[in-house]
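Let me begin by presenting the structure, written as structure tokens, before commenting on it.
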Amino acid sequence: MADCLFCRIASGEARADRVYEDDFAVAFRDINPAGPTHILIVPRKHIATLADLTPEDDALVGHLHRVAVTVAHADGRRDFRLAVNCGADAGQSVFHLHLHVIGGRPLAWPPG
Ligand code: 5GP
Ligand code: ZN
């Protein structure tokens with residue numbers, strides 16, 4: 001989608017501090033980090049929200065989770081938080097599915 005920020009980052013059209021990529025996913029540092037490590041993992045496929053997943057995406061979702069562990073470990077984080085905001089009231093501001101990997105500081109629960 002031409003007007004989607006994370007599609008443009010995934011394709012390379014928009015710049016980002018990329019830390020990982022493969023045929024299905026791209027990971028890059030959040031521009032406004034919530035901790036020493038804050039990496040976003042996005043599918044190359046445009047999916048607006050978690051609620052838009054279909055059964056054909058099941059393998060992709062598993063892959064995104066494994067990429068999250070890979071990039072967390074590569075950043076030296078054995079303990080980290082994985083978060084997905086689904087919908088505006090939950091804090092989603094970019095409507096292309098993304099996993100947040102946050103770590104490098106103590107993390108309170110529940111989040112705000
Ligand atoms: P959401 O609020 O949708 O769960 O998360 C969107 C995230 O994208 C936010 O943490 C925000 O800081 C990040 N973000 C927004 N625009 C950009 C950008 O242009 N580049 C990067 N690297 N991150 C962005
Ligand atoms: Zn998109």
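Note that ligands are numbered from 1 as they come in the structure, with each ligand's atoms numbered from 1 the same way.
Between atom CD1 of residue Ile31 and atom CD1 of residue Ile9 there is a gap of 7.5 Å, rounded to the nearest 0.5 Å.
At the shortest separation from atom 16 (N) of ligand 1 among protein heavy atoms lies Leu5 CD2, 3.4 Å. Ranking protein heavy atoms by distance to atom 22 (N) of ligand 1, first place goes to Arg29 O, 2.9 Å. Of the protein's non-hydrogen atoms, Ser93 N, 2.7 Å is the one closest to atom 3 (O) of ligand 1. The nearest protein atom to atom 20 (N) of ligand 1, hydrogens excluded, is given as Ile31 CB, 3.7 Å; this is a heavy-atom distance.
Near Phe6, with a cut-off below 4.0 Å to any heavy atom, the atoms of ligand 1 are 8 (O). Taking every non-hydrogen atom of Asn32 and a distance limit under 4.0 Å, the qualifying atoms of ligand 1 come out as 12 (O). Per-residue contacts place His98 under 4.0 angstrom from the following atoms of ligand 1 (heavy atoms of the residue considered): 1 (P), 3 (O), 4 (O), 5 (O), 6 (C).
Hydrophobic clustering, with ILVMFWY side chains joined whenever heavy atoms are under 4.5 angstrom apart, keeps Leu53 apart from Phe6. Side-chain heavy atoms closer than 4.5 Å link hydrophobic residues (I, L, V, M, F, W, Y) into clusters, and following such links, even through other members, never connects Ile102 to Val84. Linking ILVMFWY side-chain heavy atoms closer than 4.5 Å, directly or via other members, places Ile47 and Phe24 in a single hydrophobic cluster.
For the pair His38 and ligand 1, the shortest N or O to N or O distance does not fall below 3.5 Å. In terms of polar-atom proximity, Phe28 is not counted as a contact of ligand 1, lacking any N or O under 3.5 Å from an N or O of the ligand. At under 3.5 Å, a nitrogen or oxygen of Gly91, whether backbone or side chain, sits near a nitrogen or oxygen of ligand 1. In terms of polar-atom proximity, defined here as any N/O pair under 3.5 Å, Asp30 does make such a contact with ligand 1.
Contacts between Leu40 and ligand 1 below 4.0 angstrom, taking non-hydrogen atoms only, involve the side chain exclusively.
Nearest approach of Leu64 to Pro43, heavy atoms of both residues: CD2-N, 3.9 Å. Taking both residues in full, the closest heavy atoms of Ala25 and Val67 are given as CB-CG2, 4.4 Å, listed atom of the first, atom of the second, then distance.
Ring geometry, His38 versus His100: the interplanar angle falls from 30° to 60°, so the pair is classed tilted.
Under the side-chain contact (heavy atoms from CB on, under 4.5 Å) rule, Leu97 has a single partner from Ile41, Thr49, Leu60, Leu50, which is Leu50.
Within 6.0 Å of CG in Asp79 there are 12 or fewer heavy atoms belonging to other residues, nucleotides or ligands.
Shown here are the protein N/O/S atoms lying under 2.8 Å from the Zn ion (ligand 2), water excluded: Cys4 SG, Cys7 SG, His46 ND1, His96 ND1.
Legend: salt bridge (charged side-chain N to carboxylate O under 4.0 Å, His left out) pairs involving residues 29-43, not counting sequence neighbours, sorted by first then second residue: Asp17-Arg29, Arg29-Asp75.
No donor-acceptor pair under 3.5 Å is formed between the side chain of Glu21 and the backbone N or O of Val26.
Residues His63 and Asp22 form a side-chain contact, since some pair of their non-hydrogen atoms from C-beta on lies under 4.5 Å apart.
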